[in-house]
Amino acid sequence: MALKIQGNILVDAPRDRVWKLLFDPQVLIAMANKIPGVEVERLAQIADDQYDGAATIGVAMIKGKYQGTITVLEKHAPEFVKFRGDGKSGGNWASGDMALTLAEQDGKTQMQYEGTGNVGGMLASVGQRLIDSVGKHLIEHGTRALAEELAAQSKK
Amino acid sequence: MAQLQITVNGVAYQHEVEPRLLLAQYLRDVLGLTGTNIGCDTSQCGACTVLLDGVAVKSCTVLALQANGSQVTTIEALKTNGNYHPLQQAFWDNHGLQCGFCTSGMILTAVDLLKRNPNPTEEEIRRGIEGNICRCTGYQNIVKAIQAAAAQMR
Amino acid sequence: MATQIIGSTVKRREDPRLITGNGTYTDNMTLPRMAYLTILRSPHAHARIKKIDASKARAMPGVLAVYTGNDLKNGGVNPIPVGWVLPDIKIGPHYPLALDTARYTGDGIAAVVAIDRFTAQDALDLIDVDYEPLPVVVNAEKATQPGAPQLHPEAANNIAFYWKIGGGDVERALAEADGVIKQRLINQRLIPNAIEPRAALADYQPATGQLTLYNTNQNPHIIRLLLALVLGQPEHKLRIASPDVGGGFGSKIYLYADEVIACFASKQLGRPVKWTEERTENYKATIHGRDHVSDVQIAYKKDGTITGLKVKTYANQGAYLSVFAPLVPTFLYGPMLQGPYTIPNVFVEVYGTNTNTTPVDAYRGAGRPEATYLLERMVDLVALELKMDPADVRRKNIIPPFLNGVYQTCMAYAYDSGDYAGNLERALTNAGYVELRKQQAEARKQGKVVGIGISTYTEITGAAPAQVAASLGAAAALVESALVRVFPLGKVQVMTGSHAHGQGHETTFAQIVADQLGLEVEDVEVVHGDTDRIPYGAGTYGSRSQAVGGAAIYVATQRVIEKGKKLAAHMLEAAEADLVFEDGKYSVKGVPSKAVKFTDVALEAYWPRKVPADVELGLEATAVFNPSNFTFPDGTHVAMVEVDPDTGKVTITKYVCVDDVGKVINPMIVEGQIHGGIVQGVGQALWEGAVYDDNGQLLSGSMMDYALPIASYFPKFETSRNETPSPVNPLGAKGAGEAGTVASTAAVANAVMDALKPFGVKHIDMPLTSEKVWRAMNGKL
Amino acid sequence: MIPPRFEYHAATSVMEAVGVLGQHKDAKILAGGHSILPAMKLRLAQPATLVDIGRIKELSRIIADANGTTIGAMTTHAMIAASNDIRQRLPALSKAAELIGDQQVRNRGTIGGSIAHADPAADYPAVLLALGAEMHAIQITGSRTIRASDFFVDLMTTALKSNELLVDVRIPALAPRSGSAYVKFPQPASRFALVGVCACVTLDDKGVCAKASIGITGACASARRATATESALLGKKLDAAIIQAAAAQAASGMDCLSDIHASAEYRAHLVTVMTARAIQAAVARVM
């Protein structure tokens with residue numbers, strides 16, 4: 001089931017700093033763990049533009065342990081990056097891509113995101129009525145967490 | 001594994017069971033009471049309906065251990081002393097079943113319904129069996145059977 | 001016997017075991033050392049299988065085996081054959097487990113056999129499959145377009161078959177018509193939902209080489225034939241037994257991958273193996289029904305005469321061609337598009353296409369509901385265009401009575417008998433149609449949204465006259481056999497190749513025999529569903545059991561009577577030609593006192609005292625009935641609905657029907673079939689529909705999201721019958737199992753559209769959900 | 001059909017239950033089981049531990065006193081629907097209970113289980129919001145009371161902490177000259193609410209609306225109040241036109257759900273229709 005995602009967040013950190021932190025697994029782990037229902041087990045860079053990891057993802061009692069990869073599809077430092085993520089958990093899978101456009105704004109970074117997500121397996125066939133909401137929930141909390149984490153890290 | 005003590009159709013049983021064993025599976029696979037059927041995974045169809053301490057429940061959505069210490073009645077116990085329960089008789093008389101797969105659950109739901117409401121209207125019967133899906137009969141003769149049984153039991 | 005048993009209501013003999021929980025459904029059966037099978041299905045609708053790592057699952061305690069597609073193929077398992085091979089058909093091979101590509105979300109990837117259900121289920125989670133997702137197509141029309149993802153190299157543009165049929169000159173009819181209406185109609189995909197999920201229990205005996213498969217099936221002999229081909233298991237060492245079956249509706253006709261795998265596993269492991277489908281699995285792995293996209297043109301004259309119908313249909317066949325799939329949108333659909341009308345020019349072409357969806361095959365009605373819905377919607381659109389009463393357009397075009405003859409359509413079929421026009425009038429009278437229209441006008445004045453819908457139909461049942469079927473492309477004979485065996489003390493067993501899973505054959509077939517032999521129904525036992533007990537059979541589908549199976553029993557019983565007559569002649573020391581058989585006695589014509597009871601003849605047949613040595617003893621007879629034609633039930637259904645103007649919710653307020661299913665053996669059972677049929681058809685009109693997303697994920701994947709009809713959604717139906725005996729079988733029976741479904745979908749859809757007439761709505765596609773109706777009323781489509 | 005493995009504890013007291021809950025990571029409460037067991041059977045939920053509170057008798061009760069009604073967490077929908085006290089005092093709650101699922105589900109499912117699960121389409125949250133209910137939760141170190149308006153936080157997310165057990169729901173008595181009603185538009189397959197609306201209105205002695213509260217479920221990720229509608233009713237005589245106009249605002253600002261049964265647009269429309277009907281029914285009930 002397809003989800004469409006778009007929006008933008010203001011990150012209280014300069015763009016160059018944000019750009020660097022975006023590719024740091026530790027930042028991504030900290031960000032993800034701030035999302036209610038997400039718990040990262042591991043995330044590591046396995047190639048230049050590829051990460052491999054495992055995390056429990058869900059909302060309330062509906063959750064699964066996903067294994068997957070994040071691949072950087074396109075990168076124009078420091079203003080544009082497009083990722084693709086693929087994960088699977090038992091009979092379920094999730095995949096998606098997300099494009100981030102970064103713009104300077106008074107020493108802060110305006111980050112615009114746009115992407116699509118897809119879910120398959122049992123989740124799609126019995127959970128269709130919740131997928132949209134779960135997706136929104138994860139994105140809403142995820143983007144907020146990302147902004148917070150980037151800002152916090154950048155001040156370190 | 002955990003201890004389960006349960007009375008099914010008047011017989012007391014004691015078994016070691018895995019906590020995840022569902023009541024429907026316990027009845028079918030452990031006790032061999034296969035009159036209780038399983039038709040869906042999500043508590044809609046009602047084929048697995050049994051009476052748990054006298055009320056109709058979907059036994060595929062109850063852990064066997066949740067019924068610990070309880071009394072369970074399945075379709076196998078409705079015929080007593082060689083006599084059909086009035087609902088069984090009425091389902092037979094009124095062609096209230098075709099393939100028969102939903103019938104056990106349908107009859108036990110009706111037992112509960114008539115206990116709570118001995119004189120239901122047609123609409124109350126139709127609402128009362130909303131938790132039981134029959135794909136064969138179109139429900140009309142089931143409603144007729146329940147009406148006939150209700151009259152008989154009053 | 002003074003009373004006629006045929007034609008009277010006899011309570012069902014199946015019921016005592018079913019109302020007490022003593023039915024023998026396949027999953028109820030347990031055998032010593034029985035192991036359990038589960039199947040890992042692809043979570044992707046289309047994907048290359050790069051790697052399957054089953055090592056963890058194999059290492060799990062209690063797991064006996066894990067098989068992949070290549071294990072089966074290397075073990076000699078062949079693809080599942082297609083049983084209806086059209087000219088130029090393109091068949092992508094259907095291996096029971098996918099080899100290198102998964103083509104729909106029900107496609108089996110690996111199978112686990114373990115010592116208990118829990119272990120078998122848990123082990124599935126330990127199989128790691130590396131998939132490479134491929135582009136997906138789910139729509140039957142889009143699948144044929146350039147650039148669409150390709151499923152099978154055999155079928156270019158995913159077109160498994162192209163088929164057409166026509167009669168008259170439709171182009172000329174369109175050109176010369178006063179008016180032509182064009183409409184696209186979508187007949188949505190349905191999920192059959194027999195309440196018993198499928199199950200299979202395979203029991204291979206290594207010492208004897210005998211394989212028994214207990215399964216949920218409508219036609220054991222067809223399964224034996226197909227399974228022998230797939231497994232290479234010789235037929236004489238293969239037994240298929242389908243005990244009590246919890247509903248079929250077409251979905252249990254076919255040989256499925258799962259039962260092949262259970263048999264393979266049992267042979268490999270030398271122990272019984274059981275597989276039981278879960279409901280969520282059923283929604284993906286058991287066939288679906290319907291799923292047509294049709295572009296229609298109807299030509300008419302100003303007076304309402306319909307002069308031509310031209311149809312182009314894309315029929316979704318799913319990822320693989322199921323056993324009878326190619327039959328459904330062709331011979332059961334195309335030639336039925338003339339319906340009950342005198343339309344002289346009809347042309348239909350059908351593209352059967354592969355998509356990344358569950359295979360589609362015959363589901364209750366199979367082809368005829370699609371044809372009837374299409375035609376009845378178009379007839380109503382003509383009425384709307386001409387501002388005529390829909391009943392009058394039907395009157396104008398309906399075939400006049402042909403009670404003792406045949407009516408040759410402009411296409412392949414000749415209808416067998418019927419009073420279509422009479423049944424239309426009966427239904428309108430029973431419904432109080434004129435009064436209903438007045439009520440509707442009154443209700444509209446009060447702001448209510450009320451509609452009346454009519455559906456007039458004829459359908460095709462009683463498959464099949466073998467020669468006709470073969471000429472149409474059948475790879476399996478669809479005649480039916482019966483063995484009537486009389487025991488020495490006069491009790492009778494009937495072995496029939498038909499299979500009952502709700503239809504009550506154990507009662508109606510016994511009625512046929514008891515009626516003729518002058519016995520009580522209780523004296524006759526009907527045996528069905530076991531290839532080791534029944535000479536042969538083609539099974540139950542397409543409302544064929546009474547017209548073909550019942551007819552075979554009738555003929556076999558007549559042969560028993562004739563055979564008995566020879567014996568009776570010796571017992572009575574009379575000439576055979578002077579004997580008559582009546583009320584269970586052979587007597588000399590004109591000398592009623594000189595008689596011998598049938599039961600006494602039975603004893604003599606096995607323990608002869610008076611019969612000379614050269615007379616053949618024993619009292620049983622076999623018959624294979626090969627009808628001369630199909631049968632064509634017909635009727636008219638009338639529905640009234642009220643729509644909530646605020647929400648669009650449709651409520652059925654009245655339902656009246658008249659059906660002619662030929663001569664009826666047991667009115668109670670026929671009425672039950674009609675009730676069930678109506679509800680299933682209305683389910684399609686208002687609620688049911690399989691929903692896929694663009695990735696080929698089935699979003700309506702459980703009963704939580706696939707809306708099945710429940711009791712509170714219906715009023716009481718007012719049914720009645722008109723019996724026009726069919727001339728094509730000695731019982732005069734047509735078929736009753738699907739008539740209700742064929743008719744009711746269009747009746748309710750037409751009623752909703754009639755209700756929406758004041759809103760300027762001409763057509764919306766099913767299911768007519770509250771939202772769709774609300775959108776239509778508010779110009780938001 | 002076969003849930004994953006888990007540890008099972010049958011608690012015999014509230015304190016025992018919260019003790020186990022506090023000790024085990026990823027433990028869940030098992031009340032009637034009608035939310036969690038189906039999810040487990042589909043293997044979408046895999047809790048490590050289930051704490052069965054079905055044997056704790058005091059959690060299964062309805063106590064009506066002068067100031068309100070207390071309903072134990074293990075009280076089934078069927079008990080609520082059958083209670084004369086609730087039918088007379090809180091007809092909206094009675095109706096909501098009666099419209100849940102089907103008889104067998106009502107016989108087994110519980111109010112505590114339902115609201116702790118906080119399904120976006122569950123019936124009770126609308127009623128509890130409109131009637132100003134309070135939830136009483138206990139953990140090993142103490143207890144607290146959570147107002148309904150603070151309880152339903154987000155999609156399947158409540159204010160309950162993972163070590164807390166919901167023990168009962170307290171609904172204050174309606175003020176004099178009040179009426180409440182629950183109206184539901186069910187999804188045809190599951191019969192969950194596509195939209196469910198509970199309205200509670202209090203009229204002064206001149207028939208003017210002195211208080212209005214409206215709870216809406218099914219429309220959004222979690223149940224919420226229709227504050228714009230409530231304001232539009234206050235101080236007015238509730239005739240059909242006023243109700244209609246107020247109800248038309250019921251979906252304003254709502255980010256409605258969209259699924260295969262109803263688009264966000266249709267849900268928003270149903271919110272307005274069901275709100276008008278609920279208000280009308282509530283007004284009709286004012287003594």
Side-chain angles (χ1 to χ4, degrees), chain A residues 1-9 33-41 54-67 87-94 116-145, chain D residues 1 3-4 6 25-31 33 35-50 113 115-122 152-162 187 189-190 192-194 218-222 255-264 267:
Chain A
M1 206 190 161
L3 304 163
K4 290 227 178 305
I5 298 151
Q6 70 174 77
N8 62 80
I9 43 169
N33 282 335
K34 279 188 175 168
I35 305 172
V38 177
E39 204 175 317
V40 179
E41 190 178 287
T56 301
I57 303 172
V59 171
M61 70 182 184
I62 307 295
K63 57 185 168 191
K65 198 170 184 180
Y66 286 79
Q67 293 194 33
K88 62 180 175 182
S89 165
N92 298 301
W93 58 264
T116 56
N118 286 291
V119 176
M122 189 64 93
L123 264 179
S125 57
V126 302
Q128 61 83 24
R129 75 192 172 96
L130 298 173
I131 287 172
D132 214 35
S133 313
V134 171
K136 277 184 195 162
H137 166 98
L138 292 174
I139 290 303
E140 194 181 301
H141 287 90
T143 50
R144 204 185 310 151
Chain D
M1 268 301 289
F6 56 88
K25 189 175 149 43
D26 201 20
K28 294 275 179 225
I29 293 290
L30 177 66
S35 298
I36 199 165
L37 291 178
M40 289 172 67
K41 283 159 66 181
L42 299 167
R43 301 202 169 200
L44 296 178
Q46 322 212 353
T49 303
L50 284 186
I115 64 180
H117 178 53
D119 192 290
F152 300 105
V153 174
D154 199 347
L155 181 77
M156 294 189 293
T157 308
T158 68
L160 285 174
K161 299 196 185 102
S162 64
Q187 193 254 67
S190 68
F192 264 108
L194 271 186
C220 312
S222 66
D255 186 9
C256 283
L257 302 174
S258 176
D259 68 2
I260 64 172
H261 301 289
S263 66
R267 269 196 173 80

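The sequence lines fix the lettering, A, B, ..., with proteins before strands; numbering per chain opens at 1. Quick caveat: nothing in here was measured; it's all calculated off a predicted structure.
- Of all heavy-atom pairs between D:Leu42 and A:Met122, the closest is O-CG, 3.8 Å.
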Using only distance (under 3.5 Å, no hydrogens or angles), which donor-acceptor pairs connect chain D and chain A?
| from | atom 1 | to | atom 2 | distance (Å) |
| --- | --- | --- | --- | --- |
| A:Lys63 | N | D:Leu44 | O | 3.0 |
| A:Gln128 | OE1 | D:Ile260 | N | 3.1 |
| A:Arg129 | NH1 | D:Asp119 | OD1 | 2.8 |
| A:Arg129 | NH2 | D:Asp119 | OD1 | 3.3 |
| A:Arg129 | NH2 | D:Asp119 | OD2 | 2.5 |
| A:His137 | ND1 | D:Asp154 | OD2 | 3.4 |

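- Within the 4.5 angstrom heavy-atom criterion, only side-chain atoms of D:Leu257, from C-beta onward, approach chain A.
- Proximity to chain D involves both the backbone and the side chain of A:Val59, based on heavy atoms less than 4.5 angstrom apart.
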